[in-house]
Amino acid sequence: MKVRTRLAPSPTGDPHVGTAYQALFGYVWAKVNNGEFVLRIEDTDRERSTNASEKAILESLKWIGITWDEGPDVGGPYGPYRQSDRLSIYKEHIDQLIAEGHAYPCFCTKQRLDEVRKKLVEEKAANRGYDRKCRDLSPEDATKRIAAGESYVVRMKIPLEGECSFTDLLRGEIVKDWASIDDQVIMKADGFPTYHLAVVVDDHLMEISHIIRGEEWINSVPKHVLLYQFFGWEPPVYCHLPLLRNPDKSKLSKRKNPTSVNYYRKAGYLPEALLNYLGMMGWHMPDNSEKFSVEEMINGFNLTDISLGSPVFDRTKLKWLNARYIREDNSPEQLAAKLQGWALNPEYIQKVTEVVASRLETLSDWGYFTAMFFSDTVPVTEELLAVKNLESPEVLELLQVTVWKLEKLRTWNSETISALLSEVADIFELKLKALTGPLYGAICGSKVAPPLFTSMEVLGSDLCRTRIIAAMNVLGGLSGKKLKKLEKKYRT
RNA sequence: GGCCCCAUCGUCCAAUGGUAAGGACACCGGCCUUUCACGCCGGCAAUACGGGUUCGAUCCCCGUUGGGGUCACCA
């Protein structure tokens, strides 16, 4: 059997290290078997998918050194490789399922579903899924309502009883009761398929042999297996990778750890070091060596050798590895060249210089004033973050809401940043100064600093957000409870 | 809460049905060095708990505990 693996990221945010992790293992497994590695963009979420994110993901994968044989940018015999370009394919398959009685239109409104769910939670019901109200509607009725223009989704018919079993390559047989699974939506009201339908159709049509992805998907495998059955297809091999964790063991999240590949790039990590580090999460070289290239990994790799305890992503050890690459694999000449690629290039130097030019008494002042543009973290103290008449819990809230808003900022420049910060200040009914004060501290680590907005523009979103979160930790951080409350109130 | 997954030093990764349970990061000492770093030497530190199976279990089975995931017209 030809080995074909795929990476199927959804372009809804920053390129995540977890995505790079899955990419590495999928890529390596394909190469071990002289197979192909496919990149497919899963953009079936119209609300959240963006071209900018797709572009950023492709770029970050290229930066880290992962290449693909087929994908939206390079094409291939199984295209198109962007799900939004495959709508007619899904439509066909959904129609087939309805015609064969495996799926049905559902007219329940969101409000009704919310109410049903709420009631079930209150009753502490074991199964809190959809109550299948529309499952037994007559096809004629349904057709009539659709013709009348009523909004509907399509759901798949899950067996009411019995159990589903499937094999995970690393875990063996996994069994789940059908009763614990509700009738999954496979087509949304906007006509787009959901992940569950699209992933099955595409993996089959693209002849994917091994699905290598995160453990968070294990619980939805029964639904996928059932779809394979409906279509009369053979499911691929399932291999669920352990999830990368924060130091506190929760699933790796940007609140507790920088998760954007771009952050690591900007902070001066070498792509080969990051990739190597990812390779030692859940796996080790046959000789236990810790520093290895992707080529070496391909020579020693076997999918079944992955261990299942979810590894903590430890930035300290990553830094140690990165340091080894810097000192062991680079002459001063090579390092100098890398530095130029990283930040010491005319473009960036000019941007930075524009920000500090008016402050220079001598050219030699330049280094002093621009250090913050060539650093990862910056020295922050409580004093630097203090705001007159505000307690630090309030400052923390201010900073947190700012981070949330910055995450969503599509166009990153001084004007948009300025507008956004004013907006945040307004929300809290504070003067802009109450916000820019602590931000100067967080971003610049000094009271002597160039203008905030342009500095942030030059520094870029990843570094800015990471620094603000680091500053929040200096103030003790927000508790989970407070965070939840705040999120309810301000996060939009 | 239901269901699913997982369980070796603080962290990452080894090991065998019989071991002094090994390496790396971090940490602590020391050496080297004009300083720091690198490098070298040494130290601290783990089989979650309770039952079985077995002559013998860290390893196999069961339970408990703990951690994680998942229960969307998000992926």
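Just the heavy atoms: all of them, side chains too, but no hydrogens, waters or symmetry mates, feed the values below.
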Quote, to the nearest angstrom, the [atom1] distance that separates [N] from [M].
N	M	atom1	result
B/U8	B/A45	C1'	12 Å
B/C9	B/C59	P	14 Å
B/G63	B/C27	C1'	37 Å
B/G42	B/G1	P	49 Å

Is [X] touching bases, backbone alone, or none of the nucleic acid, heavy atoms closer than 4.0 Å?
X	answer
A/M281	sugar-phosphate
A/R171	sugar-phosphate
A/T12	nothing
A/G214	nothing
A/C108	base
A/R155	sugar-phosphate
A/E290	base
A/V185	sugar-phosphate
A/V175	sugar-phosphate

Worksheet item: Would you say the side chain of A/K317 and the base of B/A24 hold a donor-acceptor pair, judged only by whether the two atoms sit under 3.5 Å apart?
Response: yes

Worksheet item: Is any side-chain N or O of A/R327 under 3.5 Å from a base N or O of B/C38, one able to act as donor and the other as acceptor?
Response: no

Give a yes/no on whether any side-chain N or O of [X] is located under 4.0 angstrom from OP1 or OP2 of [N].
X	N	result
A/R117	B/A72	yes
A/T44	B/A75	yes
A/K319	B/A26	no

Side chain of [X] only, heavy atoms from C-beta on: which candidate in [options] is closest?
X	options	value
A/T194	B/C13, B/C74, B/C5	B/C74
A/K251	B/C3, B/G68, B/A14	B/G68
A/K188	B/A75, B/C5, B/G67	B/A75
A/L243	B/G69, B/A14, B/G23	B/G69
A/K176	B/G68, B/C4, B/C13	B/C4

Discussion item. Is there a side-chain hydrogen bond (donor to acceptor under 3.5 Å, both in side chains) between A/H240 and A/R171? Walk through the geometry before answering.
Written reply: CA-CA 9 Å; A/H240 291 89; A/R171 279 159 267 255; 4.9 Å; no

Worksheet entry | Note: A/D182-A/K223 ion pair, threshold 4.0 Å (strictly below) | no

Searching all strands shown, indicate the nucleotide that pairs with [N] (Watson-Crick or G-U wobble; both distances under 3.5 Å).
N	result
B/A7	B/U65
B/G1	B/C71
B/G18	B/C55
B/U35	none
B/G42	B/C28

Item to complete: May I have the step-by-step check of ring pair (Phe, Tyr, Trp, His ring centres under 6.0 Å) for A/W233 and A/H93, ending in yes or no?
Response: CA-CA 13 Å; A/W233 299 336; A/H93 287 86; 5.6 Å; yes

Worksheet item: Is there a side-chain contact between A/I94 and A/K91, using heavy atoms and a 4.5 Å cut-off?
Response: no

Worksheet item: With a 4.5 Å heavy-atom cut-off, do A/F301 and A/I306 have their side chains touching?
Response: yes

Worksheet, complete the sentence: Note: for A/T316 and A/E173 on RNA chain B, the residue whose nearest nucleotide lies more 5' is A/E173

Rounded to whole angstroms, how far apart are [atom1] on [X] and [atom2] on [N]?
X	N	atom1	atom2	answer
A/Q184	B/C73	CD	P	7 Å
A/I211	B/A75	CD1	C1'	14 Å
A/K118	B/G1	NZ	P	21 Å
A/F313	B/A26	CZ	C1'	16 Å
A/N330	B/C38	CG	P	17 Å
A/L308	B/G68	CG	C1'	13 Å

Worksheet item: Around atom NZ of A/K254, are there more than 12 heavy atoms of other residues, nucleotides or ligands at under 6.0 Å?
Response: no

Practice prompt. Step by step, work out the ring pair (Phe, Tyr, Trp, His ring centres under 6.0 Å) result for A/Y277 and A/W320.
Written response: CA-CA 10 Å; A/Y277 181 69; A/W320 162 80; 9.2 Å; no

Practice prompt. Could you check A/R6 against A/E70 for salt bridge (charged side-chain N to carboxylate O under 4.0 Å, His left out), going step by step and ending with a plain yes or no?
Written response: CA-CA 9 Å; A/R6 49 54 162 193; A/E70 299 165 28; over 6 Å; no

